[in-house]
Amino acid sequence: MSEAGGGRGCGCRVPQRASWSLVAATAALYLMLATTVCTAGAAPMSREEKQKLGNQVLEMFDHAYGNYMEHAYPADELMPLTCRGRVRGQEPSRGDVDDALGKFSLTLIDSLDTLVVLNKTKEFEDAVRKVLRDVNLDNDVVVSVFETNIRVLGGLLGGHSLAIMLKEKGEYMQWYNDELLQMAKQLGYKLLPAFNTTSGLPYPRINLKFGIRKPEARTGTETDTCTACAGTLILEFAALSRFTGATVFEEYARKALDFLWEKRQRSSNLVGVTINIHTGDWVRKDSGVGAGIDSYYEYLLKAYVLLGDDSFLERFNTHYDAIMRYISQPPLLLDVHIHKPMLNARTWMDALLAFFPGLQVLKGDIRPAIETHEMLYQVIKKHNFLPEAFTTDFRVHWAQHPLRPEFAESTYFLYKATGDPYYLEVGKTLIENLNKYARVPCGFAAMKDVRTGSHEDRMDSFFLAEMFKYLYLLFADKEDIIFDIEDYIFTTEAHLLPLWLSTTNRNISKKNTTSEYTELDDSNFDWTCPNTQILFPNDPLYAQSIREPLKNVVDKSCPRGIIRVEESFRSGAKPPLRARDFMATNPEHLEILKKMGVSLIHLKDGRVQLVQHAIQAASSVDAEDGLRFMQEMIELSSQQQKEQQLPPRAVQIISHPFFGRVVLTAGPAQFGLDLSKHKETRGFVASSKPYNGCSELTNPEAVMGKIALIQRGQCMFAEKARNIQNAGAIGGIVIDDNEGSSSDTAPLFQMAGDGKDTDDIKIPMLFLFSKEGSIILDAIREHEQVEVLLSDKARDRDPEVENEDQPSSENDSQNQSAEQMLPLPQTVGLADQESPGNPLESPSEPPSPADSEEAAGFAPSEQISSPTETQETAGLDASSSIDLSKLPDRNGS
């Protein structure tokens with residue numbers, strides 16, 4: 001998600017109507033200076049090692065791209081665990097995530113310009129021919145306007161940009177006659193009906209064949225969209241207008257940006273996450289730099305770079321001042337309320353904010369970029385990947401990792417800006433982790449849970465569009481690339497648009513809805529253009545000196561976040577009541593709650609709930625204190641519940657040809673051997689007879705010393721466990737009998753006992769959904785002998801693992817039919833929130849972007865939102881309640 005060259009534009013003060021030559025000259029000066037600095041904090045990496053790592057990236061791309069073309073094309077994406085293509089409608093729905101899929105060979109289009117960056121020109125030419133021959137843009141399918149713009153329209157424009165470059169060089173693409181551009185123009189016209197709103201903000205989705213609001217379109221009734229969804233169009237749409245001369249695209253994208261700017265919160269200069277596309281009212285009033293907003297800020301700055309319009313830079317600087325004033329709490333970036341920006345909206349951060357250090361490099365503000373990047377790197381070193389969300393004390397909040405490229409992007413730009421070889425070592429770590437933990441026989445699989453190392457059957461197109469570009473460019477020297485990367489700007493999907501577009505077809509109306517800009521006192525904005533003397537004032541160890549205090553930040557609780565909470569109380573006064581001190585029997589505490597608009601409700605079942613109504617508070621300040629108290633209580637309740645829950649486990653296939661590369665997410669049991677306290681159990685698998693395991697096994701010789709496979713149903717889990725244990729099994733795997741169930745779409749749960757003493761069960765028991773279980777069953781059919789590892793976390797892959805001795809383990813048993821399915825974590829119940837489905841099967845954690853359908857209009861790569869988050873961050877108007885029955889008293893009893 002950032003701009004090529006690691007410094008062009010950089011927030012430089014360029015006179016109005018500045019010519020492209022001046023922008024290019026200042027950018028070239030900055031790049032020349034920036035890339036000559038080499039921080040002495042890390043040993044320089046040799047040319048040979050850089051080439052070796054670059055070649056590794058090429059091999060990894062070949063593995064991912066080759067498997068997509070062999071097993072998935074012309075489908076949109078590859079499913080790397082089952083080695084097949086993901087086709088919309090043929091797989092269980094993943095909610096909004098599937099809105100990126102339009103039956104238009106998404107991964108191929110998204111990979112076009114990556115092929116050229118990686119010097120695969122012959123493959124690029126072949127890929128372009130396939131796109132022109134096979135891709136249909138007139139499918140009856142509802143797609144995300146945002147995702148289709150950045151991935152497909154951006155991919156076609158990036159491919160066109162490099163196709164004409166290669167044609168001019170005279171060796172490749174001599175037959176090319178703007179065919180990709182014509183496809184892009186066709187797609188652009190298909191997206192235009194989405195802008196048919198009174199505000200000019202686009203609908204979040206559109207039917208490629210039928211457009212909007214027609215009965216057959218099945219869309220057009222949405223009222224909300226995310227800020228990034230509406231504000232991440234200008235680069236692609238303006239480029240399409242500049243390439244074709246059709247001004248309508250740039251005009252529509254500018255109108256959407258103008259409207260978002262007009263609707264910013266004037267006192268804080270922040271924007272919310274979600275906005276009503278008809279009225280312009282903010283639906284979600286929390287603000288940050290991560291999911292839902294991120295690329296809006298990115299495109300304001302890059303629109304200035306690409307189009308030369310100073311108004312975009314002025315808007316970006318106004319927002320950036322607000323971000324650094326309220327959201328930036330180095331090294332953290334925490335969401336706040338747009339109307340009360342000193343009040344944190346949540347206590348966790350999402351993975352998409354990892355792009356922001358790269359954007360700060362483009363702006364020229366290096367110190368906070370280094371700080372945030374280092375904090376993120378420490379989180380990665382702890383978990384191997386960046387979790388989808390993590391708390392301010394660096395605990396995992398959402399455990400998934402869909403191979404996002406934003407951290408690699410920021411690493412590349414920081415290296416370009418500093419020349420510090422430390423960032424080459426960071427890139428090397430990313431390569432090693434991808435190969436060690438995400439690589440599977442048919443590509444690279446997303447991580448279902450970074451704590452266990454389990455996989456998800458998913459390889460998003462952005463992995464090929466972005467990750468391999470940034471990693472290759474990180475280790476490449478100028479002579480390794482067949483064109484000058486500095487002549488292009490990266491879109492948010494890392495597609496390349498030529499900077500000469502700034503002087504082409506400029507007859508676009510540049511009407512701005514407002515000329516009001518805040519006077520900024522940040523000295524950053526006084527720079528003519530960043531250079532190394534400013535970024536590293538007479539100190540070659542500058543970057544290292546910034547990183548050093550953060551080396552152990554993940555292993556400690558970060559004090560800044562705590563300080564910020566205390567700072568937000570009025571006049572430095574202490575909070576009137578903290579959640580950890582509250583006692584429901586204390587009259588003084590109840591009086592304080594009343595003043596804050598918080599009341600107690602006694603439910604018929606004996607439970608007690610806390611409810612806050614801000615309008616009942618004695619003052620607005622008391623209402624803020626009440627909201628803060630409720631947020632603390634929610635966090636305390638959530639923490640207490642999580643302490644009582646078991647984390648997910650892992651089933652790792654270690655025999656040939658898997659060698660530990662396939663890791664399946666498994667639900668734990670509340671009985672049997674605890675894998676978190678004992679050595680993992682390793683053994684070959686065998687199906688029990690009867691398969692349901694509900695009676696004495698008729699094939700004890702087949703399961704003796706092995707891990708028994710049993711099917712869910714017809715009896716309790718514990719009964720199954722006892723039966724296979726008595727037959728001599730060393731462990732058990734229960735496979736769901738609900739065909740098609742998957743940990744990708746269903747909440748993970750743990751298996752409960754039968755209400756009796758289960759101390760007699762000594763073997764480990766794990767639960768797999770149908771899809772994950774079928775991977776093992778298919779492996780047995782193909783290879784007969786399949787060895788697995790049952791553990792609390794996946795072990796390092798070892799190609800020689802099949803030659804090691806096979807340890808035997810202990811015991812096995814389980815129960816099911818009248819079986820009790822218990823959730824892993826359960827979210828705090830809020831009074832105005834309906835619990836989805838059976839409360840005993842609630843999600844193991846708040847839904848990740850892959851699971852949640854809560855935020856209307858969110859594009860899948862942007863959407864990181866949980867159901868409870870809406871209540872927690874709804875602002876002072878919200879009334880929320882908390883069940884106190886599960887909270888300990890002050891003595892912890």
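- With ring centers used as reference points, His783 lies under 6.0 Å from Phe658.
- A donor-acceptor contact closer than 3.5 angstrom is absent between the side chains of Ser791 and Gln652.
- A side chain to side chain contact (heavy atoms under 4.5 Å, CB included) with Ile707 is found for exactly one of Leu766, Ile730, Val651, namely Ile730.
- A donor-acceptor pair under 3.5 Å links the side-chain atoms of Ser105 to the main chain of Pro74, judged by distance alone.
- In summary, Lys793 and Glu680 do not engage in a salt bridge, as defined by a charged side-chain N under 4.0 Å from a carboxylate O.
- The aromatic rings of Trp348 and His397 sit parallel, their planes meeting at an angle under 30°, below the 60° perpendicular limit.
- No side-chain donor-acceptor contact under 3.5 Å links Lys771 to the backbone of Leu768.
- The main-chain N or O of Met79 is never found under 3.5 Å from a side-chain atom of His71 such that the two would form a donor-acceptor pair.
- At a cut-off of 3.5 Å, with distance as the only test, no side-chain donor of Ser770 or Asp736 sits close to an acceptor on the other residue.
- Between Arg205 and Asp99, at least one side-chain N (NZ, or NE/NH1/NH2) sits under 4.0 Å from a carboxylate O, which counts as a salt bridge.
- Put simply, the side chain of Ile710 does not reach to within 4.5 Å of the side chain of Ile733, judged on heavy atoms.
- Note on Arg649 versus Asp449: no salt bridge recorded, every NZ/NE/NH1/NH2 to OD/OE distance being 4.0 Å or above.
- A donor and an acceptor atom, one from each side chain of Ser461 and Arg151, are located under 3.5 Å apart.
- Within the 4.5 Å cutoff, the side chain of His401 has heavy atoms near those of the Leu403 side chain.
- The two residues Ala702 and Ala686 come nearest to each other via the heavy atoms O-CB, 3.4 Å.
- When all heavy atoms of Gly693 and Asn723 are compared, the pair lying nearest together is O-ND2, 2.9 Å.
- What you find for Pro668 and Pro648 is that their closest heavy atoms are CD-CA, 4.3 Å.
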Query - side chain to side chain donor-acceptor pair (under 3.5 Å) between Gln714 and Asn692, intermediate numbers included - result: CA-CA 7 Å; Gln714 301 183 30; Asn692 60 32; 2.9 Å; yes
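- The side-chain heavy atoms of Leu709 and Ile776, taken from C-beta on, include a pair separated by under 4.5 Å.
- Environment of CD in Glu432: crowded, with over 12 heavy atoms of neighbouring residues, nucleotides or ligands closer than 6.0 Å.
- A donor-acceptor pair under 3.5 Å is formed between the side chain of Asp76 and the backbone N or O of Phe104.
- Between Tyr65 and Tyr68, the ring planes lie tilted relative to each other; the angle falls in the 30° to 60° range.
- Applying the 6.0 Å contact sphere to CD of Glu739 captures no more than 12 heavy atoms from other residues, nucleotides or ligands.
- Looking only at distances, no side-chain donor or acceptor of Thr758 sits under 3.5 Å from a matching main-chain atom of Phe671.
- Between Glu77 and Asp460, the shortest heavy-atom distance links the atoms OE2-CA, 3.5 Å.
- Nearest heavy atom pair, residue Arg86 against residue Ala75, reads O-CB, 3.7 Å.
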Requested in this report: List the steps, then state whether side chain to side chain donor-acceptor pair (under 3.5 Å) holds for Glu772 with Ser743.
Outcome: CA-CA 8 Å; Glu772 285 77 12; Ser743 64; 2.6 Å; yes
